[in-house]
Amino acid sequence: MNEFDYHRATSLDEARRLGAAGGAALLAGGQTLLRDLKHRRRAPASLVKISGVLPREIDLRDGGITIGAGATHAEVAVSEVVRDRLPALAGLAGHIGDPAVRHRATLGGAVVAHEVAGDYPAACLALGATVHTTGRDLAAAEFFAGPGRTALEPGEIVTAVTFPVPAKAAYVKFLNPAARYPMAGVFVALAADGRPHLAVAAVRADGAFRWLEAEAALAATFVGDALREVHMPLDGLAVDLFADATYRGRLAEVLARRAVFLANSAAPGVAVFSHGSPLQIGVER
């Protein structure tokens, strides 16, 4: 790593002040930032540890679940509130990375990192989440600004995310056979007002996005077969050693139908697939 100054913030106000300094980076769980530091993709002048001052509570408020930015993926996965009211989100959190990652990485860090293959941005978009910061509240559609970028100002810190509780929801993803990160993921939700929302992760090079054509088809009837004639545009899709644009687009189409099927099932939650025989994990009530 490059050299940097290290600070451990003792309050949110101190974290904001230190984070607003030129060249500062905020450290929560560190699962993305430390990797980037080791590979010298980032070289901040100072590192501000904020995990000790971030809220970690998980509460049901006004028809939504508010999760503190300091909550780890493991805490979200086992939360009784999340498992009972939004099992798709609990399942998503419970199948990010491996146990070591899930017990260190935080919700706030995952949202701020906005990685192309990240799971949480798709959930935020499909559920119409609100991101709360030290200065304002932002709709998920306003918050995300491309891979690795958000609407945060220098020194502004994400403190919590509120997820409205939908009538139905499910998340389905297909894993990279080597690195095990998603090659494609689809989060679908039927909002309490009856409107469908469908967001796709790890498919387009500019990050998670809502697939509006699929949503329009589901508005007529919320069943997987409604998507059989809806095709993913190939422009801008991510390409790597494992998938070209055509394959990744087709993968997203198949996962979208499976996600709707799972959302309509008696046990909605999350399904994970990989190469070879389909692997279904963590389909929970």
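- Summarising the geometry of Arg136 relative to Ala151, their closest heavy-atom pair is NH2-O, 2.7 Å, with the distance given to 0.1 Å.
- In this structure, a donor-acceptor pair under 3.5 Å is absent between the side chains of Arg149 and His114.
- For the 3.5 Å distance criterion, the side chains of Thr162 and Thr66 qualify, holding a donor opposite an acceptor.
- Heavy-atom contacts from other residues, nucleotides or ligands closer than 6.0 Å to CG of Leu241 number 12 or fewer.
- Glu156 and Thr134 form no side-chain donor-acceptor contact under 3.5 Å, judged by distance and modelled atom types alone.
- Aromatic rings from Tyr120 and His73 are positioned such that their centres are separated by under 6.0 Å.
- The pair Asp98-Arg180 fails the salt-bridge criterion, with no side-chain N (NZ, NE, NH1 or NH2) lying under 4.0 Å from an Asp/Glu carboxylate O.
- With respect to the salt-bridge test (charged N to carboxylate O, under 4.0 angstrom), the residues Asp225 and Arg257 do not qualify.
- The pair Arg35-Glu115 meets the salt-bridge criterion, with a side-chain N (NZ, NE, NH1 or NH2) lying under 4.0 Å from an Asp/Glu carboxylate O.
- Between Gly70 and Thr106, the shortest heavy-atom contact is O-CG2, 3.7 Å.
- Residues Arg83 and Glu80 are not paired through a salt bridge, judged by the lack of any N-O separation under 4.0 Å between the basic side chain and the carboxylate.
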His7 vs Ser46, side chain to side chain donor-acceptor pair (under 3.5 Å): CA-CA, chis, key distance, verdict:
CA-CA 7 Å; His7 307 279; Ser46 62; 4.7 Å; no
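- Using a distance-only test at 3.5 Å, with no hydrogens or angles considered, a donor-acceptor pair links the side chain of Lys49 to the main chain of Ala28.
- Arg41 has a carboxylate O that lies under 4.0 Å from a charged side-chain N of Asp36, or vice versa, which qualifies the two as a salt bridge.
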